[in-house]
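What follows is a set of notes on a single structure, which appears directly below.
By convention here, the first residue in the shown sequence is residue 1. Values in this document were obtained by computation on a predicted structure and should not be read as measured data.
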Amino acid sequence: VYGSYTVSTGMTITASSTTMTFGATSGTKDITTNGKTLDVSLNFNGVGGTFRLQDALTMGSTRTCTQTNGTLDLNGKTLTVGTSYATAAGTKNLTFNGGTLVCPTAAATAFNNVSPTNYTTTAGTGTGKISMTAATAKTFVGGGSTYNCTLSNDGAGALTITGSNTFTTLANGVQPTTFTFTAGTTTTVTNWSVSGTAGNLVTIGSATAASHTLSKASGTVSADYLSISRSTATGGATWYAGANSTNGGNNSGWIFTAPPSVSAGAFFTLLFN
């Protein structure tokens, strides 16, 4: 497909093992599906092209979405892939503009940045998100890239994050759940929004019996109801795990109390003539 692509509301989409490739090499091409599921694999592969969603795009549950070349602009919409979202060798960009990429599959390649060279992400306007929603274990293969968005574990299944990646925000949408990091890697965040609730701890740990590192350059991390092990918290920020969190051992940098309360002082000025 070298131009824009529109599915009419009256169309029937037949499942196929064929891959549909968006190949425009210039300009912006719009994709409109009008609520129809595209039950084919998709490949965005147009050097210099931009492919922009005009509404939510949902793929068949057994299909893969691959980014090879060009810019995929979510444009504030939701792209729900099938078995995986993957990168391939090429120059590719994922732009959010407030949109969401949903990876719903329980798999070791649910998000698979297997070709991180020349892969970039752009926040654009609004807050973008990569949402990992499987109820059982899944993996985010980060490839050591920078993700200008929120990565959220929105499924009860453990989320394993591989590689030393950078995220605008790390978050969870459900609890209890688990974040597992590759030992020896450093995950850098601007914002930490991971917490559990009473009776529903969020577990933070390493995939093997060695430590991982979490880094935030400044400010205060305020979390609670976490169960933490083999985790080094560093980077300049002060990391408060919360008074209701559990120290599972082999941790460094975490403070297992609530952050100190900040009271506003009363100030006044006396003026004399």
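Scored by the side chain to side chain contact (heavy atoms under 4.5 Å, CB included) test, Ser61 finds no partners at all (sequence neighbours excluded). By the side chain to side chain contact (heavy atoms under 4.5 Å, CB included) test, Thr19 is found to be paired with Thr21, Ser41, Asn43, residues two or more places apart in sequence or in another chain being considered. Partners of Phe51 under the ring-ring contact (aromatic ring centres under 6.0 Å, His included) rule, at least two apart in sequence or in another chain, are Phe44. With sequence neighbours left out, Thr25 forms a side chain to side chain contact (heavy atoms under 4.5 Å, CB included) with no residue at all.
Residues Thr80 and Pro104 meet the side-chain proximity criterion, which asks for heavy atoms closer than 4.5 Å. In this structure the side chain of Thr121 never reaches within 4.5 angstrom of the side chain of Cys149, judged on heavy atoms. Side-chain contact between Thr127 and Thr150 is present, with heavy atoms from C-beta onward closer than 4.5 Å. Side-chain contact check for Thr33 versus Ile13: every heavy-atom pair is 4.5 Å or farther apart. In this structure, the side chains of Thr139 and Thr162 come closer than 4.5 Å at one or more pairs of heavy atoms.
The nearest pair of heavy atoms linking Thr37 to Met59 is CG2-C, 3.7 Å. The minimum heavy-atom distance between Val202 and Ser195, with the atom names listed, is CG2-O, 3.4 Å. When every heavy atom of Asp39 is checked against every heavy atom of Gly60, the shortest pair comes out as OD1-CA, 3.4 Å. For the residue pair Gly173 and Ser152, the shortest heavy atom distance occurs at N-OG, 3.7 Å. For Asn93 against Gln67, the heavy-atom pair with the smallest separation is O-NE2, 2.8 Å. Between Gly143 and Asn165, the shortest heavy-atom distance links the atoms N-OD1, 3.6 Å.
Shown are Thr203, Thr160, Leu170; of these, the side chain to side chain contact (heavy atoms under 4.5 Å, CB included) with Phe179 is made only by Leu170. Of the residues listed (Val141, Thr180, Leu151), the one engaging Ile161 in a side chain to side chain contact (heavy atoms under 4.5 Å, CB included) is Leu151, and it is the only one. Considering Thr32, Leu57, Leu38 in turn, Leu38 is the only one that fulfils the side chain to side chain contact (heavy atoms under 4.5 Å, CB included) rule with Val7.
With no hydrogens or angles considered, no side-chain donor-acceptor pair links Thr50 and Asp73 at under 3.5 Å. Side-chain contact, Thr169 with Asn191: a donor N or O sits under 3.5 Å from an acceptor N or O. Side chains of Asn153 and Asn172: no donor on one and acceptor on the other come within 3.5 Å. For the residue pair Asp224 and Asn244, a side-chain donor N or O sits within less than 3.5 Å of a side-chain acceptor on the partner. Side chains of Thr182 and His212: a donor-acceptor N/O pair is absent below 3.5 angstrom, by distance only.
A donor-acceptor pair under 3.5 Å links the side-chain atoms of Asn113 to the main chain of Gly142, judged by distance alone. Put simply, the side chain of Thr105 gets close to the backbone of Gly82: a donor and an acceptor are under 3.5 Å apart. Looking only at distances, a side-chain donor or acceptor of Ser4 sits under 3.5 Å from a matching main-chain atom of Asp30. Within the 3.5 Å criterion, the main-chain N or O of Thr146 finds no donor-acceptor partner in the side chain of Thr166. Although no hydrogens or angles enter the test, the distance criterion places a donor-acceptor pair under 3.5 Å between the side chain of Thr177 and the main chain of Gly155. Here the side chain of Lys92 pairs a donor or acceptor atom with the backbone of Gly90 at under 3.5 angstrom. The backbone N or O of Thr68 sits nowhere less than 3.5 Å from a side-chain atom of Asn45 that would complete a donor-acceptor pair. A donor-acceptor pair is defined here as one N or O able to donate and one able to accept, closer than 3.5 Å; no such pair exists between the side chain of Lys216 and the backbone of Thr188. The main-chain N or O of Ser131 is never found under 3.5 Å from a side-chain atom of Thr100 such that the two would form a donor-acceptor pair. Looking only at distances, a side-chain donor or acceptor of Thr87 sits under 3.5 Å from a matching main-chain atom of Val114.
Each ring pair (Phe, Tyr, Trp, His ring centres under 6.0 Å) pair with one or both residues in residues 231-250, not counting sequence neighbours, appears once here: Trp192-Trp239, Trp239-Trp254. Residue pairs satisfying the side-chain hydrogen bond (donor to acceptor under 3.5 Å, both in side chains) criterion with at least one member in residues 6-17, sequence neighbours excluded, are listed as follows: Ser16-Thr18. Within the structure, the ring pair (Phe, Tyr, Trp, His ring centres under 6.0 Å) test picks out the following pairs touching residues 76-106 (sequence neighbours left out): Tyr85-Phe111. Within the structure, the salt bridge (Lys or Arg N to Asp or Glu O under 4.0 Å) test picks out the following pairs touching residues 134-155 (sequence neighbours left out): Lys129-Asp154. Residue pairs meeting the ring pair (Phe, Tyr, Trp, His ring centres under 6.0 Å) criterion with at least one member in residues 153-172, sequence neighbours excluded: Phe140-Phe167, Tyr147-Phe167.
Other members of a hydrophobic cluster containing Val47 are absent, since no ILVMFWY side chain comes under 4.5 Å of it, directly or through relayed contacts. The other residues sharing a hydrophobic cluster with Tyr225 are Leu201, where clustering joins ILVMFWY side chains under 4.5 Å apart. Here Val102 sits alone; no ILVMFWY side chain lies under 4.5 Å from its own, so it joins no hydrophobic cluster.
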Problem set entry | Criterion side chain to side chain contact (heavy atoms under 4.5 Å, CB included) on Asn251 and Phe256, from CA distance to verdict | CA-CA 11 Å; Asn251 296 309; Phe256 284 84; 4.0 Å; yes
Exercise. Given the rule in the side chain to side chain contact (heavy atoms under 4.5 Å, CB included) test, do Ser229 and Ile204 qualify, once you have shown the distances and angles that lead to the verdict?
Worked result: CA-CA 6 Å; Ser229 60; Ile204 308 294; over 6 Å; no
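Under 4.0 Å is where a charged nitrogen must lie from a carboxylate oxygen, and between Asp55 and Lys77 no such pair does.
When hydrophobic clusters are built by joining Ile, Leu, Val, Met, Phe, Trp and Tyr residues whose side-chain heavy atoms come closer than 4.5 Å, directly or via intermediates, Tyr2 is not grouped with Tyr5.
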